[in-house]
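By convention in this document, chain letters (A, B, ...) are assigned in the order of the sequence lines, proteins followed by strands, and residues within each chain are numbered from 1. For clarity, every value in this text was computed on a predicted model and none was experimentally measured.
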Number of protein chains: 2
Amino acid sequence: MKWENVGEMNCSVARTLSVIGDRWTMLIIRNAFMGTRRFADFQSQLGMTKHLLSDRLKRLVEVGVFTREAYQQGRYEYRFTAMGDALYPVLLSMAAWGDRWLDEGKGAPVVFVHKECGKPMTPTMACSECGEPVTVHNVIPAPGPGLMTINEKA
Amino acid sequence: MKWENVGEMNCSVARTLSVIGDRWTMLIIRNAFMGTRRFADFQSQLGMTKHLLSDRLKRLVEVGVFTREAYQQGRYEYRFTAMGDALYPVLLSMAAWGDRWLDEGKGAPVVFVHKECGKPMTPTMACSECGEPVTVHNVIPAPGPGLMTINEKA
DNA sequence: TCATTTGGTTCCATTTTGGAACCGATTGGG
DNA sequence: CCCAATCGGTTCCAAAATGGAACCAAATGA
């Protein structure tokens, strides 16, 4: 199977990966969450080549993660849509995993402070119904309405 | 910058992506969470070429996400370590985003049931301190102990 | 015994990425 | 107004990664 067909799998994870699953896209999104908006800033911060950045931004706009708005003649800002904002938990879960398992003994580069309670926190996956933390041990996947086969191919 | 240097950034997200951020790795991990353990099963379920699968599994074992244990002479099973289990929230956050934003009107292929409360739920990112949901609007990133510069290069 | 399964490796063509040069439109400085 | 610099790209080419198929040795199973 080719990568370009991954998005056609009947799987939410595969479809998500078809949008954010290539080498640079999540780093672009990370920087966007840190406030970066403009082409040149993304490029200098990430050190990626311009044509790749151009492609990725174009694609994220097409998919609906970013809007592209001129802030001057021919100068654009890329800003999250609601769909883009909703990627924040994906970013947080990656940051939390890297902090815990790949910190090389130096501690977390960034800590997250929850505005409401004012405390530095670890982003934690919880049940929307009862609020308790969820892990691989207490979640059971079950067939949903959109299921046909778990791994349909072609 | 080349992709191989991304893992050296002083950023937990970048380091996480250096492990799980290539085309196939998260799909391998998805299937592992669904119970797949063996080379041939990963290969037939994912439809990826054998040498790529071989590379990815080798790497995930090196990094510490999987163990590789013989279940017969020369036959191996790949199983999550604690480090690997801890990737579950990343998978859940991707599944939740895909369900919400890329379902193509067909509904979620899989729903998650929380064992403790017994209800189908939406995996939600919450504050470890107060348990309230967190979003891009109520989290403030702050410098942590491992920070030197936010985007050190080279 | 002999075909089949498993878990790969090797080879090659195609695709993607990385690096650099180039470019037109816009802007800011003098 | 003129000129240099900036912005947001595009084009070209080399290098690296991926995709497809063939091949292979060890172990199994009939």
Side-chain angles (χ1 to χ4, degrees), chain A residues 1-9 14 17-29 31-32 35-62 66-79 151 153-154, chain B residues 1-9 14 17-28 31-32 35-63 66-79 151 153-154:
Chain A
M1 180 193 282
K2 286 187 188 175
W3 178 253
E4 57 179 341
N5 301 320
V6 162
E8 295 154 24
M9 286 180 170
L17 287 169
S18 75
V19 174
I20 62 164
D22 67 282
R23 274 166 161 43
W24 292 102
T25 299
M26 274 307 292
L27 288 175
I28 293 172
I29 286 167
N31 282 38
T36 305
R37 302 267 174 274
R38 299 177 185 180
F39 189 96
D41 294 335
F42 281 113
Q43 209 246 318
S44 67
Q45 289 163 19
L46 293 172
M48 65 188 291
T49 60
K50 293 169 144 204
H51 59 328
L52 273 199
L53 178 59
S54 182
D55 279 358
R56 297 300 180 269
L57 290 172
K58 200 176 298 174
R59 193 163 141 56
L60 288 169
V61 170
E62 280 167 15
F66 283 138
T67 58
R68 180 180 189 259
E69 295 163 40
Y71 65 95
Q72 276 178 351
Q73 299 284 350
R75 315 268 164 108
Y76 306 97
E77 288 192 336
Y78 297 87
R79 291 173 174 274
N151 275 310
K153 288 193 286 282
Chain B
M1 181 192 282
K2 287 188 188 173
W3 178 252
E4 55 180 340
N5 301 320
V6 162
E8 294 153 24
M9 286 181 173
L17 287 169
S18 75
V19 175
I20 63 164
D22 67 282
R23 274 166 160 42
W24 292 102
T25 298
M26 274 309 292
L27 288 176
I28 293 171
N31 281 39
T36 305
R37 303 267 174 274
R38 299 177 186 181
F39 190 96
D41 294 334
F42 281 114
Q43 208 247 318
S44 68
Q45 289 163 20
L46 293 172
M48 64 189 292
T49 60
K50 293 168 145 205
H51 59 329
L52 274 198
L53 177 59
S54 183
D55 280 357
R56 296 300 180 269
L57 289 172
K58 200 176 298 174
R59 192 163 141 58
L60 288 170
V61 170
E62 279 166 16
V63 170
F66 283 138
T67 58
R68 180 180 189 258
E69 295 162 40
Y71 64 94
Q72 276 178 352
Q73 300 286 348
R75 313 273 163 105
Y76 306 97
E77 288 192 337
Y78 297 87
R79 290 173 174 275
N151 274 310
K153 289 195 282 284

Nucleotide C/dG8, atom P - distance to CG of B/Asp55 in whole Å: 11 Å
Sugar-phosphate only, base, or nothing, as touched by A/Tyr71 at under 4.0 Å among non-hydrogen atoms: sugar-phosphate
Interatomic spacing from CD in B/Gln43 to CD1 in B/Ile28 - rounded to 0.5 Å: 11.0 Å
Residue-phosphate contact under 4.0 Å: A/Ser54 side-chain N/O, D/dG8 OP1/OP2: no
Protein-nucleotide distance (B/Arg37, atom CZ; C/dG7, atom P), rounded to Å: 14 Å
Distance in angstrom units between B/Phe39 CZ and C/dG8 P, rounded: 6 Å
Between P of C/dT6 and CG of B/Asp41, the distance in whole Å: 8 Å
Ring-face cation contact, A/Tyr76 with A/Arg38, 6.0 Å cut, 45° max: no
Length of the CZ-P vector between B/Phe42 and C/dG8, whole Å: 12 Å
B/Tyr78 side chain near C/dT6 phosphate (N/O to OP1/OP2, under 4.0 Å): no
Side-chain (B/Thr36) to main-chain (B/Asp41) donor-acceptor, under 3.5 angstrom: no
Contacts of B/Arg56 that satisfy salt bridge (Lys or Arg N to Asp or Glu O under 4.0 Å) - sequence neighbours left out: B/Asp22
Aromatic plane relationship, A/Phe42 with A/Tyr78 - under 30° parallel, 30 to 60° tilted, over 60° perpendicular: perpendicular
Integer-rounded Å distance: D/dC7 P and A/Glu69 CD: 19 Å
Among C/dT6, D/dG8, C/dG8, the nucleotide that comes nearest once only the side chain of A/Tyr76 is considered: D/dG8
Separation of atom CD in B/Gln43 from atom P in D/dG20, rounded to whole Å: 11 Å
Quiz item: cation-pi between A/Arg59 and A/Phe66, 6.0 Å / 45°: no
Nucleotide-resolved protein contact map, nucleotides 17-26 of chain C, B/S/- at heavy-atom distance under 4.0 Å: SBB------B
Contact list for residues 67-76 of chain B, test salt bridge (charged side-chain N to carboxylate O under 4.0 Å, His left out), sequence neighbours left out: none
